[in-house]
Undergrad: 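Please find one structure pasted underneath; my questions will follow.
Labels below follow one simple rule: chain letters A, B, ... track the order of the sequence lines, proteins then strands, and each chain is numbered from 1.
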Amino acid sequence: MPELPEVETVARGLDKHIAGEAIESVWLGSKPEPLKSSTEEMVAALESKTISSVRRVGKHVVFDLASSNGAPAKNTQWIVHLGMTGSLRVSAPDVPIEKHTHAILKFSSGRELRFVDPRRFGRLSVIEKFVAPGSEPLHISFEDFAKLFRKRKTPIKSALLNQKLLSGVGNIYADEALFRAKIRPRRRAASLTRDESRKLHVALKKVLKEAIRLGGSSISDYVDADGEEGFFQLKHRVYGREDKPCLVCKTPIKRVVIAGRSSHYCRQCQN
DNA sequence: ACTATGTCCTGCGAGC
DNA sequence: TGCTCGCAGGACATAG
């Protein structure tokens, strides 16, 4: 499930591989499609453009498009949200088309970029300039971070997952950050002390950076642009470890459901 | 304005 | 062995 570190890994890999590629043609799967913009809009925005760079914003992969002939264009960014199971892979044209392929960009070099998404939670769109609704977890200052939780009655776990507050944090890294900050996921956001907010701010950045360094977490079917798996799942201390002993105190890890999301914590280490 | 819950979608694994 | 069932969850819609 691609969250910030996985999307960062994918975007870096794509930037390395396809920055400078010219898009020759575009194929979009038959309806119902995982699209936000209309098919026509997207094809028009992509065809005969050059990909100048690929970056991550929140959980979105942003492709910056440039006109090959210098003509002004309306939608200059292609936005891909991978959802749960989406993947973007650079392929040679003779590689068989995988099931659940919803979009293919053919480059003038002959290579292809393919968007595959079995569960269809992913979204594609074109836009003038994408702006994430929330703050970047890796850049937000402590004061701004602490301010997000003031007066919020929702569980801290839900607040971390709220993309309007922070863009990019998903279920895995929310659980892992809360464990490292020793805060229970059900705690009301507003109940965090300044010291706890400080710990959470540090823990979240640390866990995200460490995960990026290891190429993300490969749970189910996540792979990066090269088809490589990440390794951060080996560093998970609570996520997916229900009933297994806490790595700090040996107490069995508890799993509860908060706002419909499974949440993992140690009832001994986290308060 | 904020919070909680249901829905989408498919593959897979647990359990019988 | 083969089947059914329920879960996985990010974003959005809807209701309270």
Undergrad: Round to the nearest Å and state the distance from A:Arg186 atom CZ to B:dT3 atom C1'.
TA: 16 Å
Undergrad: Walk me through it: do A:Asp175 and A:Arg237 pass the test salt bridge (charged side-chain N to carboxylate O under 4.0 Å, His left out)?
TA: CA-CA 9 Å; A:Asp175 279 7; A:Arg237 299 188 193 165; over 6 Å; no
Undergrad: Nearest to the side chain of A:Arg119, heavy atoms from C-beta on, is which of B:dC2, C:dG9, B:dA4?
TA: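 For A:Arg119, the side-chain atoms sit closest to C:dG9.
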Undergrad: In terms of ring plane angle, is the pair A:Tyr239 and A:His236 parallel, tilted or perpendicular, where the classes change at 30° and 60°?
TA: perpendicular
Undergrad: Measure the distance from CG on A:Asp117 to P on B:dT10 and round it to the nearest whole Å.
TA: 10 Å
Undergrad: Where along residues 254-264 of chain A does a heavy atom fall under 4.0 Å from DNA chain B?
TA: none
Undergrad: So which of A:Lys106, A:Arg111, A:Lys49 actually passes side chain to side chain donor-acceptor pair (under 3.5 Å) with A:Glu21?
TA: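 It is A:Arg111, the one option of A:Lys106, A:Arg111, A:Lys49 that forms the side chain to side chain donor-acceptor pair (under 3.5 Å) with A:Glu21.
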Undergrad: Need one value for A:Lys99: base, sugar-phosphate or nothing, where a base atom within 4.0 Å counts as base even if backbone is also close, heavy atoms only.
TA: sugar-phosphate
Undergrad: Could you check how far CG of A:Leu161 sits from C1' of B:dT5, rounded to whole Å?
TA: 15 Å
Undergrad: Side chain of A:Asn162, backbone of A:Lys164: donor and acceptor closer than 3.5 Å?
TA: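 At least one qualifying donor-acceptor pair exists.
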Undergrad: Expressed in angstrom and rounded to an integer, what is the separation of A:Leu160 atom CG from C:dG9 atom P?
TA: 15 Å
Undergrad: When you measure from the side chain of A:Gln163, which nucleotide among C:dG10, B:dA4, C:dA11 comes out closest?
TA: C:dA11
Undergrad: Stacking here means centres under 5.5 Å and planes under 30°; does A:Phe121 stack on C:dG9?
TA: yes
Undergrad: Can a side chain N or O of A:Lys164 be found less than 4.0 Å away from OP1 or OP2 on B:dC2?
TA: no
Undergrad: A:Glu196 and salt bridge (charged side-chain N to carboxylate O under 4.0 Å, His left out): which single residue from A:Lys182, A:Arg184, A:Arg180, A:Arg187 fits?
TA: A:Arg187
Undergrad: What orientation do A:His81 and A:His60 show, parallel under 30°, tilted 30 to 60°, or perpendicular over 60°?
TA: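 Judged by the thresholds at 30° and 60°, the geometry between A:His81 and A:His60 is perpendicular.
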Undergrad: Quick one: is B:dA4 close enough that its OP1 or OP2 comes under 4.0 Å of any side-chain N or O from A:Thr154?
TA: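 Answer is yes, contact under 4.0 Å.
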Undergrad: Between A:His100 and B:dG11, is there a side-chain N or O to OP1/OP2 distance below 4.0 Å?
TA: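 Yes, A:His100 has a side-chain N/O under 4.0 Å of OP1/OP2 on B:dG11.
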Undergrad: OP1 or OP2 of C:dA8 versus the side-chain N and O atoms of A:Tyr239: is any pair under 4.0 Å?
TA: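 Negative; the distance criterion is not met.
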Undergrad: C:dG10 C1' sits how many Å from A:Met84 CE, rounded?
TA: 8 Å
Undergrad: Rounded off to whole Å, could you give me the NZ-to-P distance for the A:Lys157 and B:dT3 pair?
TA: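 For the pair A:Lys157 NZ and B:dT3 P, the rounded distance is 17 Å.
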Undergrad: Hey, does the side chain of A:Glu210 reach the backbone of A:Val207 with a donor-acceptor pair shorter than 3.5 angstrom?
TA: no
Undergrad: Run the salt-bridge test on A:Glu143 and A:Lys147 with the 4.0 Å N-O cut-off and return the result as yes or no.
TA: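 So A:Glu143 does not pair with A:Lys147 through a salt bridge.
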Undergrad: Does the C:dA11 base have a donor-acceptor partner in the side chain of A:Arg123 within less than 3.5 Å?
TA: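 Answer no: no donor N or O sits under 3.5 Å from an acceptor.
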Undergrad: A:His81 has a side chain; which of B:dG11, B:dC9, C:dG10 sits nearest to it?
TA: C:dG10
Undergrad: Expressed in angstrom and rounded to an integer, what is the separation of A:Leu165 atom CG from C:dG10 atom C1'?
TA: 15 Å
Undergrad: Roughly, in whole Å, what's the span from CD in A:Glu3 to C1' in C:dG9?
TA: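 About 10 Å, once rounded to whole Å.
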